[in-house]
Amino acid sequence: MNKTLLAAMALTSTLSASAQKPVYLDEAQPLEARVKDALSRMTTHEKISVIHAQSKFTSAGVPRLGIRQLSMDDGPHGVREELEWNSWQPAAWTNDSIVAFPSLTCLAATWNPSIAHLYGKAVSEEFAFRGKDVMLGPGVNIARTPLNGRNFEYFGEDPCLASSMVVPYIQGAQANGVGCCLKHFALNEQEIDRFAVNVNVDERALNEIYLAPFKAAVQKAYVWTIMASYPFWEGVHCCQNDHLLNGILKKDWGFDGAVVSDWGGVTDTWEAAMGGMDIEMGSFTDGKLKEAEFGYKDYYLADKFEKLINEGKIPMSVLDDKVSRVLRTIFRTAMNPNKVIGSQCSEAHYQACKEIGEEGIVLLKNKGILPLEASRYQHILVVGENATRSLTKGGGSSELKTLRDISPLEGLKSLYGDKIDYAQGYSSGQAIYDVVDKVDPADNERLRKEALEKARKADLIIYIGGLNKNCRQDCENADREGYGLSFGQDELISDLAKIQKNIVVVTFGGNAFSMPWIDKVGGMIHCWYLGSMAGEAVADVLSGKVNPNGKLPVTFAQRLDDYGFAQYGKEAYPGVDKQVYYKEGIFVGYRHFDTHKVKPLFPFGFGLSYTTFCYSKPRISATSLKGDGTLTVSVDIKNTGKRAGKEIVQLYIGERNPAEERPLKELKGFDKVDLQPGETQTVSFEIGKEMLSYFSAKSHDWTVDDATFDAYVCASSEDVRGRLTFDYQK
């Protein structure tokens with residue numbers, strides 16, 4: 001080849017490279033300057049391209065400007081396994097196995113904000129390592145009914161507890177450069193008819209109960225993205241609801257991030273464009289790799305929206321606002337120079353998983369049988385499918401592919417060795433997303449008889465069951481069909497208790513359930529879902545290596561009919577003719593049980609310990625509070641037992657003779673203290689006007705009355721250890 005031709009080829013190569021070189025943006029500029037600069041350089045088509053999906057879990061960037069795409073993935077308990085670019089089929093990677101962290105109900109049961117921060121930090125490191133920019137979670141919908149199949153992904157029934165736990169979770173995650181996508185905004189408290197049901201809720205309950213955790217996440221944690229939900233509110237899909245997204249979220253609360261649709265939640269171009277949706281994601285196209293009648297360019301916020309912009313039917317300012325929000329998200333995550341590299345399946349993550357799980361396990365009953373002393377028993381029978389079942393599988397979009405899981409049976413065998421025998425006792429079938437796997441009744445009867453036969457030879461039975469992540473259990477897209485334990489478990493536990501009085505029940509699950517056998521067993525712990533380290537966490541609590549210190553984030557009723565919503569029939573749940581009415585108003589969870597004097601099986605905030613705690617008489621810094629001032633309530637907590645332990649001190653406040661109906665008392669603060677035997681610590685709570693306020697149906701705004709208030713220092717919503725009275729004047 002001659003020198004002239006070589007020179008010409010080199011010049012051509014140089015010119016080609018120069019022409020294709022992206023115009024990179026200056027990362028040293030402040031965030032808003034970068035957003036403004038990038039927006040000014042983008043064409044209309046490039047703007048449109050970044051506000052809708054380009055695959056199942058990504059939205060496009062702008063290669064010409066060096067702007068990266070956004071890579072999202074399901075959470076919040078770990079990174080979902082990698083899927084194919086344009087389908088729901090697993091990509092069959094060999095390096096996408098991760099740590100499964102405990103469910104958010106378990107995190108809520110810790111009542112420990114520092115643990116929530118640890119959780120957010122650890123799980124986001126795994127997202128970062130997998131190249132993800134946005135974690136689809138956490139969720140803060142309220143556990144209005146224990147039948148909701150997705151409650152295990154949320155923080156329980158109380159907005160104060162949910163707010164207090166979600167804020168540090170988000171802060172821990174976003175400090176690593178991984179954005180949280182808070183979900184499901186809003187009113188997604190059931191899976192039945194979730195795509196079509198219109199939620200009717202009064203203004204006061206909406207603000208006090210259902211929106212409160214979202215508001216805290218926006219104004220205290222500064223969450224970067226929010227996922228709008230499927231249901232309708234005021235007759236409009238939440239994914240394109242102007243009142244909800246533009247009005248409440250962006251205008252009233254000052255949210256500056258991007259609103260992401262739930263997958264397939266957008267149904268109309270005009271409503272979505274004008275209603276505040278910023279990134280449309282979906283599940284109904286095969287996309288680029290496989291020709292389909294409906295592709296990504298056919299999304300509602302794609303070509304259809306671009307046509308309306310080009311025709312001047314929608315102003316460019318509407319598009320620019322959406323693109324600015326998306327750019328802000330990209331610069332905070334995918335193009336954040338301080339985003340961590342992260343790690344996956346590190347020992348630190350397994351340790352965090354174990355620590356979170358141990359703090360979330362709740363001791364519900366103990367007649368002296370716990371902790372288990374190995375020397376007292378020679379033949380220990382473990383019964384129940386959940387002793388060996390992987391509870392990281394199933395559940396819907398939060399299903400996880402794990403590198404290693406330790407089952408409860410493995411954990412117990414590591415402690416008690418050959419003393420352990422096992423009987424499955426029942427079978428629940430496979431965890432299938434949208435189908436209940438049929439189980440042969442004859443097979444279940446065989447398993448039951450085997451367990452009862454082995455029980456006669458045991459001097460201790462540890463039953464490990466509860467719920468699982470099968471369809472119509474704790475699973476997305478369907479709710480539970482009843483309040484009891486399925487698969488014949490209630491009868492099996494009762495029959496085992498007749499044979500052996502030394503029986504301890506260990507249950508998993510994200511919801512409350514009935515316990516017709518509770519008076520027949522010697523001890524019980526509830527574990528929610530504990531993730532990869534479940535076996536070690538269970539064994540450590542049962543053996544006494546760890547003193548249980550979790551408390552319930554939901555009320556366990558004796559019967560389903562005891563819950564507030566259940567007083568109003570099918571209109572209140574699951575709805576009639578695609579309309580559901582939250583007729584119980586603000587009386588959700590313990591607010592209903594307290595105020596209407598309904599005795600729960602186990603109250604909100606309840607949890608036992610292997611030690612005991614003594615509360616002093618509480619003290620108050622003043623008996624009168626004015627305007628924006630504050631006063632302090634203090635109480636001394638002493639560990640009066642022989643073991644170190646942690647106690648969760650809860651502050652509730654109630655108004656006497658309120659101008660508008662209010663619950664007897666409401667949770668307003670809590671503190672978890674770690675005490676050595678004989679040690680005393682002082683817990684203090686600062687009370688201000690905000691704690692006394694309610695959303696008035698008369699003024700349509702937050703207000704506080706000139707009134708007398710009671711401050712309750714409690715060990716649970718039902719266990720009042722001290723009460724103080726003070727007056728408030730504006």
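Arg144 forms no cation-pi arrangement with Tyr573, by the criterion of a distance under 6.0 Å to the ring centre and an angle within 45° of the ring axis. A cation-pi arrangement is present between Arg404 and Tyr350, with the terminal nitrogen or guanidinium carbon under 6.0 Å from the aromatic centre and inside a 45° cone about the axis. By the 6.0 Å and 45° rule, Lys665 stacks over the aromatic ring of Tyr712. Under a cutoff of 6.0 Å and an axis angle of 45°, Lys469 and Tyr529 form a cation-pi pair.
Under the 4.0 Å criterion applied to side-chain N and carboxylate O atoms, Lys672 and Glu647 are not assigned as salt-bridge partners. Classification of Lys393 and Glu399 as a salt-bridged pair fails, no side-chain N sitting under 4.0 Å from a carboxylate O.
Tyr422 and Ala387 make their closest contact through CE1-CB, 3.7 Å (heavy atoms, listed as atom of the first residue, atom of the second, distance). In terms of heavy atoms, Cys353 sits closest to Ala100 at SG-O, 3.3 Å. Taking both residues in full, the closest heavy atoms of Leu370 and Gly523 are given as CD1-CA, 4.4 Å, listed atom of the first, atom of the second, then distance. Listed here is the closest heavy atom pair of Trp517 and Ser494: CB-OG, 3.7 Å. Nearest heavy atoms, Asp479 versus Gly149: OD1-N, 3.0 Å.
Each of Arg194, Arg150, Arg472, Glu191 was checked for a side chain to side chain donor-acceptor pair (under 3.5 Å) with Asn477, and the lone residue meeting it is Arg194.
For the residue pair Tyr426/Asn444, the side-chain donor-acceptor check at 3.5 Å is not satisfied. Checked by atom type, the side-chain pair Asn470/Arg389 shows a donor-acceptor distance below 3.5 Å.
Using a distance-only test at 3.5 Å, with no hydrogens or angles considered, a donor-acceptor pair links the side chain of Tyr610 to the main chain of Val541.
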- Message: Using side-chain contact (heavy atoms from CB on, under 4.5 Å), reason through Asn366 and Leu363 one step at a time and then give a plain yes or no.
- Response: CA-CA 7 Å; Asn366 189 15; Leu363 176 62; 4.3 Å; yes

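By the 6.0 Å contact criterion, NE2 on His596 is enclosed, its count of non-hydrogen atoms from other residues, nucleotides or ligands being greater than 12. Within 6.0 Å of CD on Glu445 lie more than 12 heavy atoms contributed by other residues, nucleotides or ligands. Within a 6.0 Å radius of CD in Gln579, other residues, nucleotides and ligands contribute more than 12 heavy atoms. Within a 6.0 Å sphere centred on CG of Asp577, other residues, nucleotides and ligands contribute 12 heavy atoms or fewer.
For an aromatic pair to be called close, the ring centres must be under 6.0 Å apart, and His349 with Tyr119 fails this.
Scanning for ring pair (Phe, Tyr, Trp, His ring centres under 6.0 Å) contacts around Phe606 gives Phe602, with sequence neighbours left out.
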